[in-house]
Amino acid sequence: MRRAYVSLIAAGALAAGTVTGCSSESQVPSIGYAVDSVITTYNGNTAEGAFSAAAQAFPRLLTGFSYTGPQGGTLMDTDYGTASVVPGEALTIQYRLDPAGVYSDGIPTSCEDMALAWAARSGKFTRTNDDGDLVPMFDAASTAGYSDIERVDCQPGSKDAKVVFRPGRGFAEWKSLFGATELLPAHVATRVAGVANIVSVLQSGDNDALGRIADFWNNGWKLTPGPLDLSLLPSSGPYRVESFSAEDGLVLVANERWWGNAPATPRIVLFGRNNDVKAKIEANAVEVLDIGAKSVGDLDLSGFDASNEPSRSSEQLMLATSGVFQSVDARRAFALCVPRKKLFDELGHPDYNRTQGLGSGVLNSRTVQSDTLIYGPVAAAEGGKYSNADVPGSTAALAAAGEQNPTVRIGYTAPDERRAQTVRVITEACRDAGITVQDVSSPQFTPLALRDGQVDALLGGTASVEGPAGSGVNTDALVSLRSGAGINYSKFDNPRYNDLVDQLLTNGAGDVQMRLSSEAEALLWSEMPSIPLFDSPRTFAFAEGLASGVVNPTKAGAGWNMDRWVLKK
């Protein structure tokens with residue numbers, strides 16, 4: 001077992017209670033786990049998949065060289081393999097997969113999975129669409145880090161790979177690459193595409209074959225309740241998918257071919273936003289809960305060890321850059337009427353009061369987290385101008401934009417009582433400035449609605465995610481506003497910001513991070529592509545007596561170590 005993994009569980013086990021040791025107790029063979037993201041795909045790396053529950057559902061099915069720990073850091077997973085830096089001018093990493101590694105369908109893990117991840121997320125491979133435009137073959141949520149890789153040296157079927165970055169483009173957070181949920185089974189994609197292996201396709205430059213692989217990568221791993229083709233869903237972790245239904249959720253069972261420590265509980269049932277969480281709790285079907293705080297009203301959590309905690313996700317409004325918000329003055333006008341301080345006071349810290357760090361106040365940076373050393377200097381760019389509703393300032397900005405009585409449509413996935421209340425507060429505050437706000441939430445909402453012009457603002461977390469989001473690595477936050485990124489749903493495009501992001505991602509020096517982050521934040525307050533509100537509060541609840549439940553307020557969610565959960569009753 002991973003040493004870091006063991007120490008974190010030991011340190012955090014008290015967060016969820018412990019097994020009493022009473023001899024009359026028996027272990028519960030199945031544990032229900034509820035999250036507030038939608039279960040739509042096995043591939044959380046697409047622009048649409050990034051909005052799904054994949055990051056919480058599959059880190060113990062699609063393992064990798066690293067995972068996101070409870071403190072937000074990137075921790076290496078030596079069960080999957082090892083990675084080490086090779087001395088040289090360009091950043092070069094030698095990867096070695098565990099020799100025993102094998103998928104649940106009996107196919108060994110190999111560097112071909114890494115080659116597929118790089119091909120899909122490098123942004124290097126393009127094709128012409130129906131309009132004659134050159135577009136990426138793979139609909140990747142982000143190319144950060146992978147676009148800096150010059151090549152992946154891999155022989156088909158090999159357990160070894162060498163990843164060579166472009167000169168001067170060494171990705172500072174390289175340990176986060178090829179991590180949990182990012183390495184999908186290449187042998188499935190190539191089998192469906194009718195090719196021998198991904199390495200040969202890349203070496204031959206066969207764009208037709210690569211296009212077929214991309215088509216499957218983009219759409220072939222989607223999940224809908226009902227019969228599943230399990231041959232498309234092999235696992236490289238301690239659990240595998242068994243079934244998926246609207247009523248019974250996504251059922252995960254022990255993977256008999258897993259080469260590490262066997263999961264402590266043989267069956268986990270995942271319930272997403274598409275399930276009625278309150279009803280599932282009332283039916284005693286849920287033992288672990290990870291949802292937005294106050295998102296579900298009148299929730300009875302008696303029988304749970306429950307707490308509300310600030311997370312590493314930034315609650316924010318992502319604004320369109322077209323339509324009613326095409327003008328920066330219009331975006332500023334809206335920002336000036338949004339009462340950020342009131343929103344934080346009423347909704348941003350339920351049942352906790354922090355004096356510093358996460359959850360301690362209005363969030364004044366989109367890209368730097370509030371518990372970091374550089375947050376103060378970076379957040380100073382805001383200067384308090386947008387803390388309270390400023391009706392005269394908003395009215396003046398509207399006049400400068402040439403807008404009269406605009407209507408702003410705010411979307412998010414419903415139902416969500418906290419976000420509904422957020423929109424109601426904004427509606428009341430902006431009415432006096434002549435801005436009409438409409439709540440256009442729906443159960444089917446996705447961030448693609450912002451990209452496609454169906455809404456004017458999206459209310460969500462870091463990178464527009466609705467559920468658990470964020471980590472100690474700020475890549476997602478930075479990239480979500482970089483032009484060309486799949487998760488840049490607002491289509492914000494600023495060449496200087498793009499350049500700053502590229503520098504921030506490749507130079508981890510503290511002084512450089514502070515200087516460039518300060519410039520980036522000042523630029524974002526000036527251009528207003530989004531409005532940060534507060535660190536998203538989360539509710540974590542573990543059934544009394546559940547051992548090894550550890551709060552993880554990041555994109556990995558509470559299920560980061562689901563294979564260690566044990567419940568006795």
Side-chain angles (χ1 to χ4, degrees), residues 292-298 308 310 313-320 323-351 353 359 361-364 366 382-443 445 449-450 454-461 464 466 490 525 528-537:
K294 306 299 183 181
S295 62
V296 179
D298 301 323
N308 291 337
S313 177
S314 302
E315 192 78 358
Q316 60 187 306
L317 288 158
M318 190 69 70
L319 307 184
V324 70
F325 285 144
Q326 183 170 359
S327 163
V328 65
D329 285 314
R331 299 195 294 271
R332 290 174 186 161
F334 184 57
L336 283 165
C337 75
V338 172
R340 298 194 307 130
K341 176 82 166 50
K342 181 177 182 180
L343 289 170
F344 169 74
D345 290 342
E346 295 184 2
L347 302 167
H349 59 111
D351 304 325
N353 289 289
V362 175
L363 189 59
N364 288 330
R366 302 155 179 82
E382 188 270 339
K385 182 179 179 181
Y386 297 95
S387 290
N388 298 300
D390 178 1
V391 171
S394 179
T395 303
L398 275 182
E403 295 276 0
Q404 290 186 348
N405 302 316
T407 296
V408 175
R409 301 162 297 171
I410 299 179
Y412 57 92
T413 305
D416 189 316
E417 294 197 14
R418 190 189 76 233
R419 286 177 175 155
Q421 179 62 18
T422 298
V423 176
R424 286 194 290 270
V425 171
I426 294 171
T427 300
E428 181 179 342
C430 291
R431 183 182 295 119
D432 292 339
I435 299 175
T436 299
V437 174
Q438 292 182 349
D439 184 326
V440 294
S441 61
S442 75
F445 181 83
L450 181 65
Q454 298 169 14
V455 300
D456 307 300
L458 183 155
L459 179 57
S464 301
E466 64 176 348
S490 68
W525 280 112
M528 205 64 70
S530 63
I531 305 172
L533 301 177
F534 44 77
D535 295 311
S536 302

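For the single chain, residues carry numbers from 1 onward in sequence order. Side-chain atoms are counted along with the backbone in the values below, which use heavy atoms only and exclude waters and symmetry mates.
Remark: side-chain polar atoms of Gln316 are paired, donor with acceptor, to backbone N or O of Gly461 under 3.5 angstrom. Thr427 places a side-chain N or O within donor-acceptor distance of the main-chain N or O of Val423, the cut-off being under 3.5 Å. The main-chain N or O of Glu315 is found under 3.5 Å from a side-chain atom of Ser536 such that the two form a donor-acceptor pair. Counting only distance, with no hydrogens or angles, the side chain of Ser490 and the backbone of Ala320 share no donor-acceptor pair below 3.5 Å. In this structure a side-chain-to-backbone donor-acceptor pair under 3.5 Å is missing from Arg366 to Pro529. Within the 3.5 Å criterion, the main-chain N or O of Gln454 finds a donor-acceptor partner in the side chain of Arg409.
Smallest separation of non-hydrogen atoms from Cys430 and Val437: CB-CG2, 4.2 Å. Nearest heavy atoms, Leu398 versus Ala433: CD1-O, 3.4 Å. Of all the heavy atoms in Ser394 and Cys337, the pair that sits closest is OG-CB, 3.8 Å. In terms of heavy-atom proximity, Val324 sits nearest to Pro406 at CG2-CB, 3.5 Å. When all heavy atoms of Ala457 and Leu450 are compared, the closest pair comes out as N-CD1, 4.1 Å. Closest approach of Arg332 to Tyr386, counting heavy atoms only: CG-OH, 3.9 Å.
For the residue pair Tyr412 / Asp439, a side-chain donor-acceptor distance below 3.5 Å is found, with atom types taken as modelled. Side-chain atoms of Arg424 and Gln421 include a donor-acceptor pair closer than 3.5 Å.
With a 4.5 Å cut-off on side-chain heavy atoms, Asp351 and Lys294 count as touching. When side chains are defined from C-beta on, Ile426 counts as touching Phe334, because their heavy atoms get closer than 4.5 Å. A 4.5 Å side-chain heavy-atom check between Arg418 and Pro537 finds at least one atom pair inside the cut-off. Looking at His349 and Phe534, their side chains never come closer than 4.5 Å, going by heavy atoms from C-beta outward.
Arg431 is linked by a side-chain hydrogen bond (donor to acceptor under 3.5 Å, both in side chains) to nothing, counting only residues two or more places apart in sequence or in another chain.
Between Asp345 and Lys342 there is no salt bridge, since no side-chain N of the basic residue sits under 4.0 Å from a carboxylate O of the acidic one.
The CG atom of Leu363 sits 12.5 Å away from atom CD1 of Ile531, with the distance rounded to the nearest 0.5 Å. Residue Thr422 holds its OG1 atom at 8.0 Å from CG of Leu317, rounded to the nearest 0.5 Å. Atom CG of Leu336 sits about 7.0 Å away from atom CE of Met528, to the nearest 0.5 Å. In this structure, the separation between CH2 on Trp525 and CG on Asn364 is 5.5 Å, given to the nearest 0.5 Å. In this structure, OG in Ser441 is found 8.5 Å from CG in Asp416, a value given to the nearest 0.5 Å. Between Leu458 atom CG and Phe445 atom CZ the span is 4.0 Å, to the nearest 0.5 Å.
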Given Val440 and Asp456, is the side-chain contact (heavy atoms from CB on, under 4.5 Å) satisfied, shown in steps?
CA-CA 10 Å; Val440 294; Asp456 307 300; over 6 Å; no
Could you walk me through whether Val408 and Leu319 pass side-chain contact (heavy atoms from CB on, under 4.5 Å), step by step?
CA-CA 10 Å; Val408 175; Leu319 307 184; over 6 Å; no
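Applying the 6.0 Å contact sphere to CD of Glu346 captures more than 12 heavy atoms from other residues, nucleotides or ligands.
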